[in-house]
Amino acid sequence: MVTRDRRRAATLAEIKAAARRLLVSGGTSAVGLRAVARELGLTPPALYRYFPSHEALIGALVTDLYDELTTALMDLAGADDGDLGAKLYLLANGLRDWALAHPAEFGLVFGTAVPNPEGDEHEVTPGHQAAMRFGGLFKELVAQIWHQKPFPHPADEQLGTVLVEQLTAESEHFHGMPAGAIYLSLNYWTRLYGLICMEVFGQLHWVLPDAAAYFEAQLYEIGQALGLDCPEPG
């Protein structure tokens, strides 16, 4: 039984490795069950014993990629000396570095919708759990920053009832942060994430042949707004 389980695990790893090679060489559309089977010299029915559908294969690949990225960022975060400004820089730059080194993988992972936990389609799948582990790194960091030294944030009346209700519902996941602080954290996350997306997909070349300095400047502004001791750009 142990040998059979090991063989199955090895075959699963080979299938996902082949799917990743096809993703890198041909994009998401190239990752089909038949294409993967050809890559490994298998028949499609043989592959179906491991992945019953294209969605199952993509979901497994997304899960692995999320976990790869999360592990890489956790290793970086563990390298700092406890300074939260340094950790912010390590995590943000680590995400950017991984995205630039793996544009196809980044496109698949962040172009695949995470199910809405309030929707009928929600299911706690391995991919959803992997996405939550990734997001948890940044939630934990911003909560640490807030509890160490609360940063200025908009009052509830500036945000409106609907937004405040939604943000307050997430307070537990941000370790008790108020709605305005979560709002700013979301602003900063979408700012950095959007910048990484634009750089990875070549949307900044028209003005920035190398966006590294711009990313550092943006990160510095965010760090200052959070009250962190941040290294100056450049």
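Computed from a predicted structure; not experimentally measured.
Taking the side chain as every heavy atom from C-beta outward, Tyr89 and Glu216 approach each other to under 4.5 Å. Leu69 places a side-chain heavy atom less than 4.5 Å from the side chain of Phe110. In this structure, the side chains of Tyr183 and Pro154 come closer than 4.5 Å at one or more pairs of heavy atoms. Contact check for Leu33 versus Pro44: no side-chain heavy atoms found under the 4.5 Å cut-off.
Nearest approach of Leu204 to Leu195, heavy atoms of both residues: CD1-CD1, 3.4 Å. Listed here is the closest heavy atom pair of Pro178 and Trp146: CD-CZ2, 3.4 Å. Among all heavy-atom pairs drawn from Gly85 and Asp83, the shortest one is N-OD2, 3.1 Å. Nearest heavy-atom pair, Met74 versus Leu137, reported as atom, atom and distance to 0.1 Å: CG-CD2, 3.6 Å. Nearest heavy-atom pair, Gly180 versus Asp156, reported as atom, atom and distance to 0.1 Å: N-OD1, 4.4 Å. Listed here is the closest heavy atom pair of Ser185 and Met177: OG-CE, 3.5 Å.
Side-chain atoms of Glu140 and His175 include a donor-acceptor pair closer than 3.5 Å.
A 6.0 Å sphere centred on OH of Tyr214 holds no more than 12 heavy atoms belonging to other residues, nucleotides or ligands. Counting heavy atoms of neighbouring residues, nucleotides and ligands inside a 6.0 Å radius, atom CZ of Phe134 exceeds 12 of them. The environment of Arg21 atom CZ is dense: over 12 non-hydrogen atoms of other residues, nucleotides or ligands sit within 6.0 angstrom.
Using a distance-only test at 3.5 Å, with no hydrogens or angles considered, no donor-acceptor pair links the side chain of His102 to the main chain of Leu65.
Taking OH of Tyr188 as the start and CG of Leu219 as the end, the distance is 12.0 Å to the nearest 0.5 Å. To the nearest 0.5 Å, atoms CH2 (Trp98) and CD1 (Ile196) are separated by 11.0 Å. Going from atom CZ of Arg8 over to atom CG of Leu12 covers 5.0 Å, rounded to the nearest 0.5 Å. Between the CD atom of Gln203 and the CG atom of Leu208 there is a distance of 12.5 Å, given to the nearest 0.5 Å. Within the model, atoms CG of Asp210 and CZ of Phe215 stand 12.5 Å from one another, a figure rounded to the nearest 0.5 Å. Taken from CG in Leu42 to CZ in Arg49, the straight-line distance is 8.5 Å, to the nearest 0.5 Å.
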Evaluate the criterion side-chain contact (heavy atoms from CB on, under 4.5 Å) for residue pair Leu73 and Thr70; output intermediate values, then yes/no.
CA-CA 5 Å; Leu73 295 182; Thr70 301; 5.9 Å; no
Begin with the C-alpha distance, continue with both residues' side-chain angles, and end with the deciding distance and a verdict on side-chain contact (heavy atoms from CB on, under 4.5 Å) for Glu105 and Glu68.
CA-CA 11 Å; Glu105 292 93 328; Glu68 176 185 309; over 6 Å; no
Check the pair Phe51 / Leu61 against side-chain contact (heavy atoms from CB on, under 4.5 Å), numbers first and verdict last.
CA-CA 11 Å; Phe51 294 101; Leu61 186 55; over 6 Å; no
Candidate pair Leu57 and Tyr50, rule side-chain contact (heavy atoms from CB on, under 4.5 Å), full reasoning
CA-CA 9 Å; Leu57 175 59; Tyr50 298 92; over 6 Å; no
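Partners of Arg96 under the side-chain hydrogen bond (donor to acceptor under 3.5 Å, both in side chains) rule, at least two apart in sequence or in another chain, are Glu199. Residues passing the salt bridge (charged side-chain N to carboxylate O under 4.0 Å, His left out) test with Lys16 are Asp64, sequence neighbours excluded.
No continuous path of hydrophobic side-chain contacts links Leu108 to Val24 [ILVMFWY only; heavy atoms under 4.5 Å]. Residues Phe201 and Trp206 share a hydrophobic cluster, clusters being chains of Ile/Leu/Val/Met/Phe/Trp/Tyr side chains in contact below 4.5 Å. Leu184 and Val162 sit in two unconnected hydrophobic clusters of ILVMFWY residues. Membership requires side-chain heavy atoms under 4.5 Å apart, directly or through other members.
Ring geometry, Phe106 versus Tyr193: the interplanar angle falls from 30° to 60°, so the pair is classed tilted.
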